[in-house]
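What follows is a short report on a single structure.
Whatever order the structure lists them in is the order used to number ligands and atoms, beginning at 1.
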Amino acid sequence: MSKSQGPVCLIMEAEKLFLLFSLIMLQFLSCTSQESLKTNQTIKEGDLLISKGNIFALGFFSPGSSTNRYLGIWYHKIPEQTVVWVANRNDPIIGSSGFLFINQFGNLVLYRKDDQKLLVWSTNVSVEENDTCEAQLLDSGNLILVRKRSRKIVWQSFDYPTNIQLPGMKLGLDRKLGTDRFLTSWRSADDPGIGDFSIRINPNGSPQFFLYNGTKPITRAPPWPWRSQMGTFKSVFVNDPDEIYCQSTVPDGYYLVRLIVDHSGLLKMLTWRESDGRWKEYWKSPQLQCDYYGYCGAYSTCELANYNAFGCACLPGFEPKNPMEWSLRDGSGGCVRKRLQTSSVCDHGEGFVKVENVILPDTSAAAWVDMSKSRAEYCELECKRNCSCSAYAVIVIPGKGDGCLNWHKELVDIKYDRIESHDLYVRVDAYELAGNTRKLNGSREKTMQAILAPSIALLLFLISLTAYLRLKKGAKKGTELQINSNSTESECFKLSTIMAATNNFSPANELGQGGFGSVYKGLLANGLEVAIKRLSRSSRQGIEEFKNEVMVIAKLQHRNLVKLLGYCNQDGEQMLIYEYLPNKSLDSFLFRKSLQVFIALIYSSCQILPV
Ligand SMILES: *[C@@H]1O[C@H](CO)[C@@H](O)[C@H](O)[C@H]1NC(C)=O
Ligand SMILES: *[C@@H]1O[C@H](CO)[C@@H](O)[C@H](O)[C@H]1NC(C)=O
Ligand SMILES: *[C@@H]1O[C@H](CO)[C@@H](O)[C@H](O)[C@H]1NC(C)=O
Ligand SMILES: *[C@@H]1O[C@H](CO)[C@@H](O)[C@H](O)[C@H]1NC(C)=O
Ligand SMILES: *[C@@H]1O[C@H](CO)[C@@H](O)[C@H](O)[C@H]1NC(C)=O
């Protein structure tokens with residue numbers, strides 16, 4: 001559903017439709033075929049009910065290699081039998097004993113007659129005693145039961161879809177009738193019984209369609225309202241007090257297109273290709289990483305970069321929950337609010353950072369804000385008022401103007417998209433906000449500033465600590481810390497030592513990468529495991545002025561920081577050597593983006609690391 005082109009509804013490029021016009025007319029032989037079924041008439045094995053334009057047929061069939069018999073509807077003109085609806089999905093008939101008729105109460109009933117007559121399937125409508133019903137198969141593939149007197153449709157197969165949505169069929173809720181129309185997969189190609197996969201609407205928040213595996217979401221369509229309306233094919237996503245549904249309509253004659261939830265868990269749109277005499281896959285989902293619901297976990301975005309790239313990124317103000325997994329390209333753990341931040345997002349001064357052109361996060365837990373007065377500023381105010389609000393979006397509601405959606409729970413399943421995209425405003429604290437405001441102006445500078453911004457709090461802390469240390473040292477020895485003060489030789493590692501420890505920077509030793517370069521795991525000759533941060537050239541610039549603070553960092557044995565063992569500056573290589581901790585305490589430091597600056601700072605002071 002990544003393409004978001006009204007994926008649940010059936011849509012199609014106009015040129016492909018021409019293929020559908022000229023179908024081979026197959027010679028069709030049948031025992032009996034009729035257009036409608038009247039009271040007390042029966043359809044038995046070999047009989048067919050055929051739509052007026054010869055497009056669909058209803059009768060008994062056996063799927064795949066099965067010998068079980070089912071009552072179903074299929075395309076009448078297509079050589080490859082393609083069943084679009086099944087009555088007795090879970091109750092196959094063995095042998096040729098099935099028969100369908102309309103009983104005296106006006107219901108369609110399917111019986112099998114072995115030793116005794118057994119009811120297999122039936123409709124459940126009530127018709128006045130003095131009225132009768134008639135069944136008709138329409139050229140749309142819809143089997144309808146019509147009250148004779150009033151010509152009112154009392155039942156239709158389109159209200160009870162199986163695994164296929166045909167043009168004209170609504171998927172979704174009808175609150176007046178109390179029905180929910182959704183697709184469920186077959187169990188296998190041989191068994192049309194109700195399988196595990198379904199596509200149905202979640203009406204909460206802003207309605208959205210999900211493809212489920214049982215109750216687990218596999219993929220999600222963009223939430224209502226959809227913007228895209230494809231030319232010839234109109235797909236509408238209606239959300240009014242009575243009904244929430246998606247429906248597509250096609251011009252007369254364009255009928256050979258269907259949406260299917262197949263038994264392998266894929267949602268596919270198929271079109272009939274006359275030249276090949278087979279169905280062609282026009283579109284399917286999930287297909288790409290970002291299609292999978294929550295692929296990057298919570299508070300992150302998913303972007304399809306090139307094939308080999310890791311598309312997950314944390315939202316502004318967030319960092320990977322498990323940096324090690326993240327660095328190994330497993331984004332499923334998602335992101336958490338940055339831990340080094342000293343102010344909460346609910347303090348004064350917090351604000352919102354715009355994340356542009358995304359399919360909005362799962363809206364099922366999002367709340368609509370009073371739409372009558374919603375303007376962009378109002379949306380922001382409303383979200384700010386409530387500490388539990390983590391993000392908002394301004395939505396253009398067709399015919400009604402703007403509305404705001406506020407999220408109060410996790411932000412999940414955000415992906416970049418061109419068509420169904422919105423701007424999401426993510427709540428951040430003052431520091432993040434400052435960083436991101438500057439970010440909007442700068443070009444090359446912006447990365448550096450973004451990195452710097454969240455670190456301001458720490459810097460302030462460090463500067464005051466520096467002052468404290470100066471006082472202390474000065475009191476003791478009467479000297480100030482010097483940038484180029486002597487450090488012990490032991491802290492400077494030889495390049496050859498590092499090469500040996502990391503097996504010549506073997507990819508197998510690589511723990512991950514970041515903006516600063518790469519981190520390797522190494523084993524020193526003395527058996528000590530170390531983590532080696534190999535800085536890229538871009539990580540080492542313009543930071544002279546921070547050297548004093550850097551020195552302090554090296555001194556600082558903060559419990560959240562990994563111990564720096566030494567450095568290496570040889571043959572153009574610049575590296576930092578840390579103690580290796582196999583769990584989170586390492587990750588949280590080594591891969592922390594907001595600490596890149598400090599890493600660079602530490603590097604720059606490599607020569608002056610204190611004892
Ligand atoms: C249908 O069959 C029932 C039972 O045999 C009978 O009572 C009824 O009159 C029949 N209806 C019609 C329209 O033939
Ligand atoms: C048929 O419908 C009636 C009323 O709508 C309901 O009470 C009854 O349970 C239904 N029967 C079946 C078999 O669904
Ligand atoms: C059929 O029955 C309805 C009520 O059940 C009644 O209003 C109507 O007049 C009847 N029609 C005929 C033709 O008997
Ligand atoms: C569906 O869920 C089952 C059970 O959780 C799992 O074994 C299976 O791999 C899932 N299939 C797909 C296609 O997601
Ligand atoms: C904040 O929003 C949540 C979710 O809508 C709501 O339950 C809560 O009462 C709100 N709190 C305040 C203070 O408005």
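Listed by chain and number, the residues in a side-chain contact (heavy atoms from CB on, under 4.5 Å) with Lys354 are Glu356, Asp423, Tyr425 (sequence neighbours excluded). A search for side-chain contact (heavy atoms from CB on, under 4.5 Å) contacts involving Lys216 returns nothing, not counting sequence neighbours. With sequence neighbours left out, Glu410 forms a salt bridge (Lys or Arg N to Asp or Glu O under 4.0 Å) with no residue at all.
Note on Glu319 versus Lys338: no salt bridge recorded, every NZ/NE/NH1/NH2 to OD/OE distance being 4.0 Å or above.
Cys pair Cys302/Cys312: SG-SG separation is not below 2.5 Å.
Below 3.5 Å of separation, one finds no N or O of Ser264 facing any N or O of ligand 4.
With Tyr293 as the fixed residue, the side-chain hydrogen bond (donor to acceptor under 3.5 Å, both in side chains) test singles out one of Asn213, Asp413, Asp362: Asp362.
Residues with a heavy atom under 4.0 Å from ligand 5: Asn386, Ser388, His408.
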